[in-house]
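For reference, the structure is listed below as structure tokens.
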Amino acid sequence: MTQTSRSRLRGRTRGEESDEQQLAGSLSSHVRRGAIWNVASTLLLKFSSIGITALVARILTPHDFGVFAVANTVFMIVSAFGEFGIASCIARADLKVGEIAPTMTSVAIGTSLAIAAAMDFFAEPIATALGAPDGAGPVRIMAIVMVISGVLSVPTAQCIREFKQGSIFLANVIAFFTGMIVLVVLAKTGGGATAFAWSRVAGQLTAAIVIFIATPRFYLFGMSRKALSVLFKFGFPLAVANFVSYILQNVDYALIGHFMGAVELGTYVIAFNSASWSSALLLNVLTMVAMPAFSRVKHDSELLLGAMADGVRAVMLVAAPMCTLVIVLARPIVLTLYGARWEGAANPLRILSLYGLISVLCVLFANMLTALGKTRVILVVQLIWLAALVPAMAIGVHEDGIVGAASAHIAIVAPIVLPCYLFVLQRETRVKLISLAKAAAPPLIAAMIAAFITLLVMSILKNQQVELFVGGAAGGLVYCGLMLPQIVVVLGRGKIKNQRVLRIVSNYYSFARFPAARGKHAAHVVDNILDEQIHLDEGEAVSE
């Protein structure tokens with residue numbers, strides 16, 4: 001650290017901090033608190049969901065999973081228009097809630113009722129076209145969820161805007177466990193695929209109660225030209241983009257169900273859900289926290305560019321190890337959690353895990369563009385994605401079944417979609433792509449090393465369960481050891497108070513033998529860590 005830096009820190013007082021620094025500090029506190037609540041919620045729900053899915057997979061058949069997948073596919077695709085981009089409009093910090101909320105309430109409830117009626121009327125032909133005529137009943141039940149979602153749209157968006165993640169955490173937890181109780185009870189009593197649908201209804205109803213209690217203010221129906229203008233300029237392109245996105249997320253389900261039937265679709269659902277562990281952990285945080293956070297710093301280019309690099313780094317710290325370890329542990333995961341009859345899910349799981357890693361970066365970049373108000377650009381990228389994926393998916397399913405479907409995702413997202421997002425992001429923000437690559441590289445390299453160690457450990461073991469737990473533990477420990485400095489800096493930036501910890505981490509960064517700790521990057525991080533220590537020392541001296 002330079003002498004100038006030390007002098008600058010010694011001369012600084014709290015009253016001399018700039019407005020920009022105060023904004024960054026306040027926003028950082030909100031984002032950190034929001035992210036912590038979201039991560040806690042998602043971790044709890046995801047691990048609980050894994051356990052429940054493993055239990056239900058041993059009760060129900062692949063056919064039951066496939067039938068509900070058809071109903072859920074219909075719901076996911078049409079729900080984009082039911083929401084109509086309203087949540088993102090409300091979450092934007094640069095829009096006044098009171099001026100737009102009544103109109104948003106009217107649109108949200110009106111569109112959700114219309115879509116629910118269409119789901120009920122067309123349930124049978126839709127389910128038949130998707131290869132599961134038995135799915136008509138679950139489709140009609142999911143129409144109830146559509147109506148509740150419309151009523152919840154504006155209140156939930158208000159909580160997101162105000163970073164009331166604690167309330168959303170409570171709503172998610174209560175809804176999850178209520179739904180899971182209904183699911184297990186109905187599954188054991190012969191409910192089949194309808195068990196999943198009724199569990200969604202029960203969960204959504206209980207979530208509504210918590211959200212309504214936490215909502216700062218309720219808005220009655222209304223209609224204003226200004227709000228409609230915002231909705232059509234910002235919300236409508238986003239709704240179309242979400243609609244295209246949901247088609248992208250479910251086109252594989254539709255084609256597998258249509259060409260191969262509900263049994264193969266059920267096996268693919270297990271693979272896709274298992275591959276989505278990392279994205280499920282991160283997507284909620286990106287949606288609930290990242291978009292409102294980026295919208296608050298979009299007018300300051302320096303803060304925005306720094307937030308973008310930090311976002312990539314934080315996402316990769318979580319996604320990279322989870323995806324690479326799932327790739328090498330795919331077969332033990334399937335056999336241990338779901339049983340031998342689901343073994344066919346192992347190969348697509350490996351491929352879909354790589355897809356999950358790339359797609360979660362695409363979601364992060366889409367949230368950045370949404371915060372900048374570039375929803376039409378997102379729509380263009382999504383349309384390019386859809387135009388390329390549909391024929392690729394049809395060919396993949398026809399040639400190699402569910403493995404071909406998984407391969408089609410990679411064939412499109414890696415060489416086409418990700419470069420499109422990077423190109424648009426660089427054009428709109430002038431961010432240096434090399435800075436994003438430098439942020440992503442250390443976690444990815446460390447994750448690959450951890451995966452290699454896991455493979456070595458697995459090669460000397462015989463039992464699938466032992467391979468899963470011992471191999472996974474070995475890889476996880478290696479990754480945490482390699483990335484400890486970045487983990488501490490990302491999670492503890494500005495919050496580290498113990499001077500010994502500060503010194504250990506800075507030395508670790510100076511001497512660690514891996515790319516994340518070399519050259520100017522290491523010097524910069526060490527400088528920041530020591531800056532914190534000097535600031536802490538001087539603060540204590542002043543207080544004395």
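Fair warning: this is a prediction, and the values are worked out from it, not measured in the lab.
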field: Side-chain touch Val360/Val318, heavy atoms, less than 4.5 angstrom
entry: no
Modelled atom types, side-chain donor and acceptor of Tyr338 and Thr53, under 3.5 Å = no
Counting C-beta onward and ignoring hydrogens, is there a side-chain heavy-atom pair between Met104 and Ser153 closer than 4.5 Å? no
| request: Step by step, work out the side-chain contact (heavy atoms from CB on, under 4.5 Å) result for Leu60 and Phe196. | output: CA-CA 11 Å; Leu60 300 179; Phe196 288 102; 3.4 Å; yes
May I ask you to check whether Asp64 and Thr61 show a side-chain donor-acceptor distance below 3.5 Å? yes
Notebook entry, point to check: What is the ring orientation for Trp385 with Tyr355, classed by angle as parallel under 30°, tilted 30 to 60°, or perpendicular over 60°?
Noted result: perpendicular
Item checked: Side-chain donor/acceptor of Thr267 to backbone N/O of Ala345, under 3.5 Å -> no
Open item on the list: Using only atom types and a distance under 3.5 Å, with no angle test, would you say the side chain of Arg313 pairs donor to acceptor with the backbone of Ala439?
Closed with: no
| Do other residues, nucleotides or ligands put more than 12 heavy atoms under 6.0 Å from Arg376 CZ? | no
Any chance you could lay out the side-chain contact (heavy atoms from CB on, under 4.5 Å) test for Leu317 and Tyr479, step after step, and finish with the verdict?
CA-CA 10 Å; Leu317 276 172; Tyr479 178 80; 3.6 Å; yes
Do side-chain atoms of Trp342 reach the backbone of Ala57 as a donor and acceptor pair under 3.5 angstrom? yes
With no hydrogens and no angle check, is any side-chain donor or acceptor of Tyr268 less than 3.5 Å from a backbone partner on Gly257?
no
For Ser149 and Phe75 the tightest heavy-atom approach is OG-CZ, 4.2 Å
Rounding to 0.5 Å, atoms OG (Ser353) and CD1 (Ile327) come to a distance of 5.5 Å
When every non-hydrogen atom of Pro321 is compared with those of Met316, the smallest separation belongs to CD-O, 3.7 Å
| query | Are Phe365 and Leu436 close enough that some pair of their side-chain heavy atoms sits under 4.5 Å apart? | reply | yes
Item to complete: Apply the test side-chain contact (heavy atoms from CB on, under 4.5 Å) to residues Phe423 and Glu428: give CA-CA distance (whole Å), side-chain angles for both, the deciding distance (0.1 Å), then the verdict.
Response: CA-CA 9 Å; Phe423 171 77; Glu428 298 292 343; over 6 Å; no
In this structure, CZ of Arg200 is separated from CE of Met146 (nearest 0.5 Å) by 12.5 Å
Taking every heavy atom of Cys362 against every heavy atom of Val413, the minimum-distance pair comes out as SG-CG2, 4.1 Å
Query - Check: Ala175 main-chain N/O paired with Thr178 side-chain donor or acceptor under 3.5 Å - result: no
- Message: Run the side-chain contact (heavy atoms from CB on, under 4.5 Å) test on Trp198 and Ile144 for me, step by step, so that the C-alpha distance in whole Å, both residues' side-chain angles and the decisive distance to 0.1 Å come before the verdict.
- Response: CA-CA 9 Å; Trp198 283 117; Ile144 302 173; 4.1 Å; yes
Are Leu389 and His409 close enough that some pair of their side-chain heavy atoms sits under 4.5 Å apart?
yes
Task: Close side-chain approach of Leu329 to Met458, heavy-atom, < 4.5 Å - done: yes
Q.
Measuring only between side-chain heavy atoms, which start at C-beta, is Val67 closer than 4.5 Å to His63?
A. yes
dist Ile412:CD1 -> Leu418:CG (nearest 0.5 Å) comes out at 13.0 Å
Taken to the nearest 0.5 Å, the spacing of Arg430 CZ from Leu425 CG works out to 11.5 Å
Rounded to the nearest 0.5 angstrom, the CD1-OG distance for Ile402 and Ser407 is 11.0 Å
Minimal heavy-atom distance between Ala320 and Pro443, with the atoms involved, is CB-O, 3.8 Å
Between Ala340 and Leu335, the two heavy atoms sitting closest are CA-CD2, 3.9 Å
Within the 4.5 Å heavy-atom criterion, are Leu130 and Tyr253 side-chain neighbours or not?
no
- Query: CD of Glu124: more than 12 outside heavy atoms within 6.0 angstrom?
  - Reply: no
If the threshold is 4.0 Å, N to carboxylate O, is there a salt bridge linking Arg331 and Glu343?
yes
| field | Any Val381 side-chain heavy atom under 4.5 Å of Tyr421 side chain | value | yes
Exercise. For the side chain of Thr336 and the backbone of Ile333, is there at least one donor-acceptor N/O pair under 3.5 Å apart?
Worked result: no
CG of Leu325 to CD1 of Ile453, rounded to nearest 0.5 Å, is 11.5 Å
Heavy-atom nearest pair, Ala116 first then Ala143, reads CB-O, 3.5 Å
